[in-house]
Amino acid sequence: MTSTKYIFVTGGVSSSLGKGIIAASLAKLLQARGYRVTIQKLDPYINVDPGTLNPYEHGECYVTDDGAETDLDLGHYERFLNTPTSQANNVTTGKIYQSVIEKERRGEFLGKTVQVIPHITNEIKERIQILGKSGDYDIVITEIGGTVGDIESLPYIESVRQLKWELGDDNALVIHLTLIPYLSAAGELKTKPTQHSVKTLMESGIRADILVCRTEHELNQELKNKLALFCNVQKEAVIQSIDASTIYDVPNMMLDEGLDVITLQKLKLSNTTAPNLEHWNAFLKRHKNPKAEVTIGLIGKYVELQDSYKSIIESFIHAGAENEVKVNVRSIHSEHIDASNISEALKGLNGILVAPGFGERGIEGKIEAVRYARENKLPFLGICLGMQMAVIEYSRNVLGLQNANSIEMNPETPDPVINLMEDQKNITDMGGTMRLGSWECSLVKGSKVYEVYGKETIDERHRHRYEYNNAYREQLEAAGLATTGVNPKTGLVEIIEIPEHPFFVGVQYHPEYKSTVANPHPLFVSFVNAAHQHSK
Ligand code: GLN
């Protein structure tokens, strides 16, 4: 018998209600009371992982230390809890079926007909309990993607029903997140969609234990009582989640509503120690009381969708609070900039970040932006593709290699300053085959990055196929583009910088995946600081 407690978070009425933020906020409160908590996301789509998805589909692809390409909600979990997630924290229908089909091919089902119930549901139940069985957690929160009633989430809902029955009410509970719409014509908040959604859950045999209600207006006690009665939950289990000005307010709002207390009561866990949110609240205070303001240009090609660069935007919030500076991020579409309008497009900025990305679209604009930052001593941070663009820009405009490029963009380039590693050349499968996850990097003493990190060896997360071409390293270094971080085992270049520039750093890895409220990423902190200096 397990001692781990399981919390399931389902959603109803509408998508995009913020299940991930509610799960992360509850986890934060439980963690702040001393419990060891982790959060898992189950995604009902058939892709094995979101690595092959265009950011326009589901936003950013988040990468863990162990190299899983995951849903962006895992980023929220890490940013709130400051504990790393792993492969086990994100499960998709694709992964479930892949594993069941592989078992079938190995003959593991001993001649049985393989079916959704029990084979798929057993696989789901196993995946849910992997984290609990590790012994590392007191509580596992599992967020079920999608909305109840969706055809594709049915096996997940059925697995939750079975698990709840197997584990017992003291060990498992269901939080259902819904929307209470406000009809302005009637001047009223409406509970009916929530009632229907709870009923849909009931049809699958699941009674919601706690209701979290997203709303734009306060829910009065009368309305909460009505919801409790018709949705069959305790009055204290109707929790209001009103729109917040920042997601980082949500843990305190859930604390005020007593979400953690009712959860602990239902799971028969002690709630005597008050949550310690001292550090969290100190961050909020700095975030909300900035002493100055800077504007940073985010140069990318998925800028129409905020979620595409989620971790970068959040990293700026952490780094801004650390510097007590408000960071305004201005999104600039790289396809819309060229030599003729660059100074106009970047006017008023205190720094630019050239974003990660794939493919040719918009790269000339990125290169032009790098050139502008280099020549005008505007603080620059290049991430992944952004770093590669800096190497190309330097090769073209300083070394004079006019057609220098990445072979991702031009396989015929005479000067492939960014090229493909030998072990990538024969890869045909696109999914899960990039250089992924945490890799070590040694920093050069006396460099900017050494000063920023304050140590010689760092680990950062990667997600890319192409690399700095070491054949050009000597020339580039002689011309002033310093190599200040290298993988000690492979010799691959991880960081470039221009020592004469106030802040010009390009990194092949993704620092944004490791920035949390408790640990703002040092590179973002010092970049924002440089932007602040620039603004003076
Ligand atoms: N497209 C580049 C590569 O594969 C950069 C990837 C990225 O920015 N994440 O190397």
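Just so you know, residue 1 is the first one in the sequence shown, and it goes up from there. Note that this is a predicted model, so its numbers are computed, not measured. Atoms considered below: every heavy atom in the structure, side chains included; atoms not considered: hydrogens, waters and symmetry mates. Note that ligands are numbered from 1 as they come in the structure, with each ligand's atoms numbered from 1 the same way.
- Close N/O approach between Glu408 and ligand 1 is found [any backbone or side-chain N/O within under 3.5 Å].
- By the 4.0 Å heavy-atom criterion, Met434 is excluded from the residues contacting ligand 1.
- A salt bridge links Lys347 with Glu344; the closest basic N to acidic carboxylate O contact falls under 4.0 Å.
- Near Tyr466, with a cut-off below 4.0 Å to any heavy atom, the atoms of ligand 1 are 3 (C), 4 (O), 10 (O).
- Below 4.0 Å from some heavy atom of His510 lie the following atoms of ligand 1, by number and element: 9 (N).
- With salt bridges taken as basic N to acidic carboxylate O contacts below 4.0 Å, none links Arg396 and Asp415.
- Protein heavy atom nearest atom 4 (O) of ligand 1, with residue, atom name and distance: Arg465 N, 3.0 Å.
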Less than 3.5 Å apart, which donor and acceptor atoms pair up between the side chains of residues 375-384 and the rest of the protein, not counting sequence neighbours?
unit_1 : atom_1 : unit_2 : atom_2 : d
Glu375 : OE2    : Arg371 : NE     : 3.2
Asn376 : ND2    : Tyr372 : O      : 2.8

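- Atoms of ligand 1 found under 4.0 Å from any heavy atom of Arg463, numbered from 1 in the order shown, are 6 (C), 7 (C), 9 (N).
- Aromatic ring centres of Tyr45 and His58 lie closer together than 6.0 Å.
- We find that Glu78 and Arg461 are joined by a salt bridge, their nearest charged nitrogen and carboxylate oxygen being less than 4.0 Å apart.
- Ion pairing between Glu324 and Arg286 fails under the 4.0 Å rule for side-chain N and carboxylate O.
- For Leu385, a nitrogen or oxygen atom sits less than 3.5 Å from a nitrogen or oxygen atom of ligand 1, counting backbone and side chain alike.
- Using a 4.0 Å cutoff on heavy atoms, Glu467 does not count as a contact of ligand 1.
- Between Tyr453 and His521, the ring centre distance stays below 6.0 Å.
- Shown in contact with Cys384 at under 4.0 Å from a heavy atom are these atoms of ligand 1, numbered in order with element: 5 (C), 6 (C), 7 (C), 8 (O), 9 (N).
- Nearest protein neighbour of atom 5 (C) of ligand 1, counting heavy atoms only, is Gly357 O, 3.3 Å.
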